[in-house]
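Taking it in order: structure first as structure tokens, then the write-up.
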Number of protein chains: 2
Amino acid sequence: MALRHAVLAALLDGEYSGYQLAKAFDVGVANFWHALPQQLYAELTRLEKEGLVAGRQVIQENRPNKRLFHVTDAGRAELEEFAAAVAKPSFIRDDLLVKVQVADRIGTASVIEQLEERASAAEAKIELLGKLLRQLRGDADEEEFLRRGERIGPYLTCLRGIAFEQGHRDWCLRIATVLRERRTTHAER
Amino acid sequence: MALRHAVLAALLDGEYSGYQLAKAFDVGVANFWHALPQQLYAELTRLEKEGLVAGRQVIQENRPNKRLFHVTDAGRAELEEFAAAVAKPSFIRDDLLVKVQVADRIGTASVIEQLEERASAAEAKIELLGKLLRQLRGDADEEEFLRRGERIGPYLTCLRGIAFEQGHRDWCLRIATVLRERRTTHAER
DNA sequence: CTTGGCTATGCAACGAGTTGCATAGAAGGA
DNA sequence: TCCTTCTATGCAACTCGTTGCATAGCCAAG
């Protein structure tokens with residue numbers, strides 16, 4: 001049971017359709033979870049069957065009808081239970097790490113390229129999340145907002161997202177530099 | 001195909017049994033991948049069937065016999081192909097983020113506890129990885145080692161591991177503080 | 001002397017995530 | 001006009017990861 005709670009969490013902020021959720025979870029909802037549309041539609045069906053969310057049909061003209069979902073009392077209770085239970089530790093799981101692990105044994109050229117691509121992807125995400133942060137806190141400065149803001153949850157997870165991307169970017173650039181410099185100083189095979 | 005390459009990467013450094021790999025992958029092999037023993041035994045069987053690794057039986061006294069595996073030429077080729085292919089972006093996937101996302105809507109007490117537990121777990125891992133780094137680079141300082149060291153792959157992934165854990169620790173402590181302070185200044189429900 | 005942990009391997013069932021595909025009308029650009 | 005993209009939902013097959021269990025002898029601590 002992993003995605004269910006992320007969906008319930010997202011639906012706490014209002015009514016959303018599967019499609020809307022899918023777009024949010026595609027980016028990673030400010031880095032707090034990621035999922036594909038298929039997963040979300042399936043999960044919503046299951047959640048509805050179990051009474052944790054309820055949906056209402058909205059008839060639209062000029063575009064397909066949709067179903068908007070909201071969390072029920074049972075769903076809120078489920079979330080509270082989840083929040084109280086212990087979470088298991090998280091791991092990084094990234095193909096790039098495996099590649100770097102063996103980069104000095106096999107070719108480095110392609111790995112360096114990938115590191116730099118990742119770095120600029122991370123940079124882009126940092127920008128994006130930075131804008132999101134500014135938008136979430138409005139006029140207030142961060143300290144002020146975190147002390148008195150109404151809805152700080154998304155802001156807090158977004159902070160983690162940014163920090164993660166910054167760490168990722170810095171590491172990618174550092175490693176790319178290290179590998180590049182070794183190419184010039186070492187005999188390349 | 002995800003774990004296979006991590007296993008091949010690990011076996012590049014020598015001959016290991018499933019059990020030895022399991023211990024390394026339990027910690028997370030310096031944060032470059034994580035897997036359970038069952039997965040590893042299954043993967044080793046598959047890799048052997050496909051000729052990417054080869055194993056030899058070692059008869060032992062006073063303890064069960066074991067099979068030591070090494071990478072074949074085909075396995076090395078497979079790894080090179082993998083390293084050249086594009087890797088897809090990575091996401092954080094952590095229950096704690098979901099909990100923080102909704103912490104201001106439901107209870108915060110248990111979330112704060114979990115954040116602090118996580119922070120000290122991260123601290124412990126930072127210590128551990130720090131020792132591993134010192135061990136890997138021996139007498140040399142970091143710059144020197146990264147320029148001329150023989151086997152820097154594990155060092156580089158370990159650097160990412162440390163940075164990740166530091167980011168995690170800092171975020172956990174920050175968020176715990178924020179949530180605590182809100183408890184005193186806000187009307188708690 | 002019993003209990004628990006370590007070495008060592010593996011099967012079976014299940015849960016979670018990914019890939020591929022199908023439908024279908026409307027809007028907008030080449 | 002044709003092609004693509006957007007809205008909107010979902011099934012089916014598959015791969016990957018987790019949980020639970022089984023075996024079995026050795027060693028150390030209580």
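Below, all heavy atoms of this structure are taken into account, side chains as well, without hydrogens, waters or symmetry copies.
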(request) Assess the side chains of A:Gln114 and A:Ser110: does a donor N or O sit below 3.5 Å from an acceptor N or O? (result) yes
(request) Could you tell me whether the side chain of A:Gln38 has a donor or acceptor atom within less than 3.5 Å of a complementary atom in the base of C:dG20? (result) yes
(message) Rounded to whole Å, please give me the gap between CD in A:Glu61 and C1' in C:dG25.
(response) 13 Å
(request) Under 4.0 Å between any heavy atoms, over every strand shown, what does A:Arg93 touch: base, sugar-phosphate, or nothing? Just pick one. (result) sugar-phosphate
(request) Check whether any side-chain nitrogen or oxygen of A:Asn62 sits under 4.0 Å from OP1 or OP2 of C:dG25, and answer yes or no. (result) no
(message) Would you say A:Gln60 places a side-chain N or O within less than 4.0 Å of OP1 or OP2 belonging to D:dA8?
(response) yes
(request) May I have the distance from A:Leu40 (atom CG) to C:dT18 (atom P), rounded to whole angstrom? (result) 11 Å
(message) Just the rounded figure in Å: distance from P of D:dT7 to CG of A:Leu68.
(response) 15 Å
(request) Ignoring backbone atoms, establish whether A:Tyr41 has a side-chain N or O less than 4.0 Å from OP1 or OP2 of D:dT9. (result) yes
(request) May I ask you to evaluate whether A:Lys88 reaches the phosphate of D:dT18, defined as a side-chain N or O under 4.0 Å from OP1 or OP2? (result) no
(request) For A:Glu43 and for A:Pro64, find the nucleotide of DNA chain C with the closest heavy atom, then tell me which residue's nucleotide is more 5'. (result) A:Glu43
(request) Considering only NZ, NE, NH1 and NH2 on the basic side and carboxylate oxygens on the acidic side, decide whether B:Lys99 and A:Glu81 come within less than 4.0 Å. (result) no
(message) Closest-nucleotide mapping onto DNA chain D: is B:Leu3 or A:Arg67 further toward the 5' terminus? I mean the 5' end.
(response) A:Arg67
(request) Would you mind checking if A:Glu142 and B:Arg174 are paired as a salt bridge, meaning a charged N to carboxylate O distance below 4.0 Å? (result) yes
(request) Provide, to the nearest angstrom, the distance between the CZ atom belonging to B:Arg63 and the C1' atom belonging to D:dT23. (result) 17 Å
(request) Check the distance between D:dT23's P and B:Lys66's NZ and give it to me in whole angstrom. (result) 25 Å
(message) Taking 4.0 Å as the cut-off, does a side-chain nitrogen or oxygen of B:Tyr19 come that near to OP1 or OP2 on C:dT9?
(response) no
(request) Take the protein atom OH of A:Tyr16 and the nucleotide atom P of D:dT9, then report the distance between them rounded to whole Å. (result) 15 Å
(request) Check whether the ring centres of A:Tyr155 and A:Phe145 lie less than 6.0 Å apart, and answer yes or no. (result) yes
(request) Can you label the angle between the A:His34 ring and the B:Phe91 ring as parallel, tilted or perpendicular, going by 30° and 60°? (result) parallel
(request) Can you tell me the distance, in whole Å, between the CD atom of B:Gln39 and the C1' atom of C:dA13? (result) 15 Å
(message) Using a 4.0 Å heavy-atom cut-off, does B:Ser17 contact any base of the nucleic acid, only the sugar-phosphate backbone, or nothing at all?
(response) sugar-phosphate
(request) Give the rounded distance in Å between these two atoms: CZ of B:Phe25 and C1' of D:dT18. (result) 17 Å
